[in-house]
Amino acid sequence: MQKIRNIAVIAHVDHGKTTLVDGLLEQSGTFGSHEQHDERAMDSNDIEKERGITILSKNTAITYGEYKINIIDTPGHADFGGEVERVLKMVDGVLVLVDAYEGVMPQTKFVVKKMLALGKKPIVVINKIDKPSAEPDRVVDEMFDLFADMGATDDQQDFPIIYAAARDGMAKLDMEDEDGDFKCIFDAIIDSVPEPEGDAANPLQAQVFTLDYDNYVGKIGISRIFNGTVSKGDNVMLAKADGEMVKGKISKLIGFHGLNRMEIDQAEAGDIVAFAGMETVDVGDTVADPSNPVALDPMHIEEPTLTVVFAVNDSPLAGQEGKHVTSNKLRERLEFEMRTNVAMKLEIVGEGKFKVSGRGELQITVLAENMRREDFEFSISRPEVIVKEIEGVKCEPYEHLVIDVPEDLSGTVIERLGKRKAEMKSMLPMGQGFQRIEFEIPARALIGFRGQFLTDTKGEGVMNHSFLEFRPYSGGVESRSYGALVSMTAGSTLAFSLFSIQDRGVLYIGVQTEVYEGMIVGEHSRQNDLVVNPIKGKAQSNVRSSGADEAIKLIPPRDMSLERALEWIEDDELLEVTPKNIRIRKKFLTENERKRNSRKGK
Ligand SMILES: Nc1nc2c(ncn2[C@@H]2O[C@H](COP(=O)(O)OP(=O)(O)OP(=O)(O)O)[C@@H](O)[C@H]2O)c(=O)[nH]1
Ligand SMILES: [Mg+2]
């Protein structure tokens with residue numbers, strides 16, 4: 001039997017997981033000497049590359065001496081936390097990274113808690129020790145405290161510690177040691193991660209933890225083999241979560257090595273491989289021996305906490321920029337997404353209206369962003385948290401929020417959060433004039449908070465949050481404190497009119513932008529909405545002042561990304577998303593309709 005180690009790399013967002021995997025690939029000699037690869041090679045899809053974040057967990061394998069090490073790189077952003085939990089069941093040990101300055105963050109807590117509960121063996125990597133602000137000793141203490149708080153066993157508490165600068169391919173066992181390479185990481189993996197249990201001679205049992213889709217071979221289930229041996233062409237039984245048994249055949253068996261996938265003929269207990277040929281395969285299914293099919297424990301799939309409604313775009317500019325605009329196209333695309341994305345759910349709620357649920361705004365905007373790139377056009381509504389009854393009590397999701405702010409601004413931020421029903425849990429000085437403040441807050445109250453927070457802290461504040469639990473409903477929370485600047489007419493915007501509107505708030509659009517009645521052109525500096533005319537030219541006058549228009553000084557419009565816009569909108573507003581533009585609009589386009597409907601609402 002081959003010697004195997006299975007590990008996952010887990011951490012808070014941006015603490016350097018994917019960069020560390022680059023180093024593991026490189027220093028194990030898995031990349032050929034002539035093989036070209038990008039930085040953060042595992043972040044392979046376009047949005048991952050552009051944003052520099054990992055969205056989907058991905059696996060690779062390296063050879064180190066006589067060992068095969070299967071490595072799963074996981075996403076650090078809280079919206080994808082459910083994925084991490086599933087991945088953890090597939091491995092025997094983990095590398096927990098933590099930034100040598102930032103220390104324990106919300107998602108560090110989340111992943112450490114899950115990892116400890118599943119009984120995994122950790123190796124702690126204090127990363128980015130090259131940062132001038134790094135305080136590795138403090139961060140080590142934070143990790144010990146965290147492990148103790150989360151009920152680590154003695155064995156788990158006794159973790160090896162590695163100090164690293166993953167980006168430079170440097171690691172060492174002691175801060176006092178000379179800089180070394182990743183040898184100490186490989187050795188720690190081989191020595192302290194338990195070898196996989198299970199027996200190649202037993203009947204087959206493999207569990208699917210990720211789905212992939214390939215135009216040629218169809219659905220692919222990436223799986224950990226816990227028992228038995230599997231060969232290409234084998235007949236198998238698929239044991240579904242609900243107890244149903246479905247016959248299947250492995251048409252292709254796919255192995256991983258570095259950045260490559262290759263067809264293989266056989267694999268056995270302990271390994272991680274991919275199966276093609278079973279169209280009905282789902283995450284959590286057991287691929288079993290047909291003569292003795294025994295299902296493994298079902299997999300816990302995190303429930304969504306947030307919903308938005310995707311709908312057919314019905315704005316006056318509909319159908320001009322996208323290719324796929326009909327309800328049917330939209331439904332097909334969303335249904336396709338649900339086939340491989342187990343963390344999301346879809347419900348048809350009306351003519352051309354689809355309720356999509358997920359774990360957070362980022363997860364939902366990544367889907368929307370992918371659809372834009374595929375030439376879809378649609379609208380999305382304000383995100384709403386999922387409220388559910390637990391033992392007869394109405395409950396809503398709560399989040400653990402950590403903010404780092406310059407000391408002199410902490411008062412403002414605490415006051416804002418107080419109004420949003422946040423409960424302060426701790427406050428610590430972080431050095432360099434920053435304070436770290438932790439809160440527990442209803443997820444509902446966080447919607448729209450980020451924009452406010454960035455304004456309040458002049459872009460210097462950092463906020464991070466991650467799902468805590470469902471708790472009893474907290475009642476009304478304060479939402480957006482400013483109204484919208486709404487266009488009263490259709491046409492192309494002119495500098496002259498924008499110049500006068502910009503005194504009334506912050507503009508979201510620039511000159512020569514197509515607008516329509518009911519489209520939102522900016523944020524009002526007061527609480528109420530204000531109807532404005534952004535296309536009015538300068539009245540003709542006798543005084544000829546050629547070039548006067550160019551002299552108009554416009555403040556650059558605020559760039560509203562998909563996430564920012566989604567967080568900003570209220571219940572009576574929508575986002576219009578097309579391949580070329582993201583527009584913000586009122587649901588009811590004319591002022592009359594809006595008045596009529598607000599009266600009805602009251
Ligand atoms: N200074 C410093 N920067 C690093 C180091 N390792 C990674 N980084 C940088 O940190 C940023 C995030 O790195 P990633 O590897 O994408 O982090 P990640 O944990 O995979 O992030 P997510 O997958 O989005 O959770 C990148 O800009 C890296 O270049 C390091 O050792 N030192
Ligand atoms: Mg990553």
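Indexing begins at 1, ligand by ligand and atom by atom, following the structure's order. Hydrogens, waters and symmetry mates play no part in the numbers below; they use all other heavy atoms, side chains included.
- When distances from atom 20 (O) of ligand 1 to the protein are checked, a heavy atom turns up under 4.0 Å.
- In this structure, of His15, Gln107, Lys17, Lys128, the residue bringing a heavy atom nearest to atom 11 (C) of ligand 1 is Lys128.
- Near Val13, meaning under 4.0 Å from any of its heavy atoms, are these atoms of ligand 1: 24 (O), 25 (O).
- By the 4.0 Å N-to-carboxylate-O rule, Glu438 lies close enough to Lys109 to be salt-bridged with it.
- By the 4.0 Å N-to-carboxylate-O rule, Lys89 lies too far from Asp297 to be salt-bridged with it.
- Using a 4.0 Å cut-off between a side-chain N of Lys or Arg and a carboxylate O of Asp or Glu, Lys252 and Asp214 do not qualify as a salt bridge.
- Within a 6.0 Å radius of NZ in Lys183, other residues, nucleotides and ligands contribute 12 heavy atoms or fewer.
- Salt-bridge check for Arg373 with Glu369: passed, with a basic side-chain N closer than 4.0 Å to an acidic carboxylate O.
- Between the side chain of Arg480 and the backbone N or O of Trp568, at least one donor-acceptor pair lies under 3.5 Å.
- Counting only residues at least two apart or in different chains, side-chain hydrogen bond (donor to acceptor under 3.5 Å, both in side chains) contacts with residues 134-151 comprise Glu135-Arg138, Arg138-Glu142.
- For Phe354 and Phe378, the distance between ring centers is not under 6.0 angstrom.
- At a heavy-atom distance under 4.0 Å, no atom of Ile129 approaches ligand 1.
- From the protein, the heavy atom lying nearest to atom 32 (N) of ligand 1 is Asp130 OD1, 2.7 Å.
- Here the protein heavy atom with the shortest distance to atom 12 (C) of ligand 1 is Asp14 OD1, 3.4 Å.
- Between His77 and ligand 1, no N or O atom pair is found at a separation short of 3.5 Å.
- For the pair Thr19 and ligand 1, the shortest N or O to N or O distance falls below 3.5 Å.
- With respect to atom 29 (O) of ligand 1, the closest heavy atom belonging to the protein is Arg167 CD, 3.4 Å.
- The cationic atom of Lys172 (NZ for Lys, CZ for Arg) does not lie both less than 6.0 Å from the six-membered ring centre of Tyr163 and within 45° of the ring axis.
- Just one residue in the list Asp43, Thr18, Leu362, Ile47 forms a side chain to side chain contact (heavy atoms under 4.5 Å, CB included) with Ile53, and that residue is Leu362.
- Checked by distance only, ligand 1 and Thr18 come closer than 3.5 Å through their nitrogen or oxygen atoms.
- Between Asp79 and Arg359, none of the side-chain N atoms (NZ, or NE/NH1/NH2) sits under 4.0 Å from a carboxylate O, so this pair counts as no salt bridge.
- The Mg ion (ligand 2) has Thr18 OG1, Thr54 OG1 as protein N, O or S atoms under 2.8 Å away.
- A salt bridge between Lys128 and Asp14 is absent, with no side-chain N of the basic residue lying under 4.0 Å from a carboxylate O of the acidic one.
- Closest protein heavy atom to atom 17 (O) of ligand 1: Gly16 N, 3.1 Å.
- Remark: ligand 1 atoms within the under-4.0 Å shell around heavy atoms of Arg40 are 14 (P), 15 (O), 16 (O).
- Both the sub-6.0 Å distance and the 45° axial angle are satisfied by Arg224 relative to the ring of Phe226.
- Between Ala166 and ligand 1, at least one pair of N/O atoms sits closer than 3.5 Å.
- In summary, the atoms of ligand 1 found under 4.0 Å from a heavy atom of Ile53, numbered by their order in the structure, are 24 (O).
- Backbone and side-chain nitrogen or oxygen atoms of Thr54 are examined, and one is located within less than 3.5 angstrom of a nitrogen or oxygen of ligand 1.
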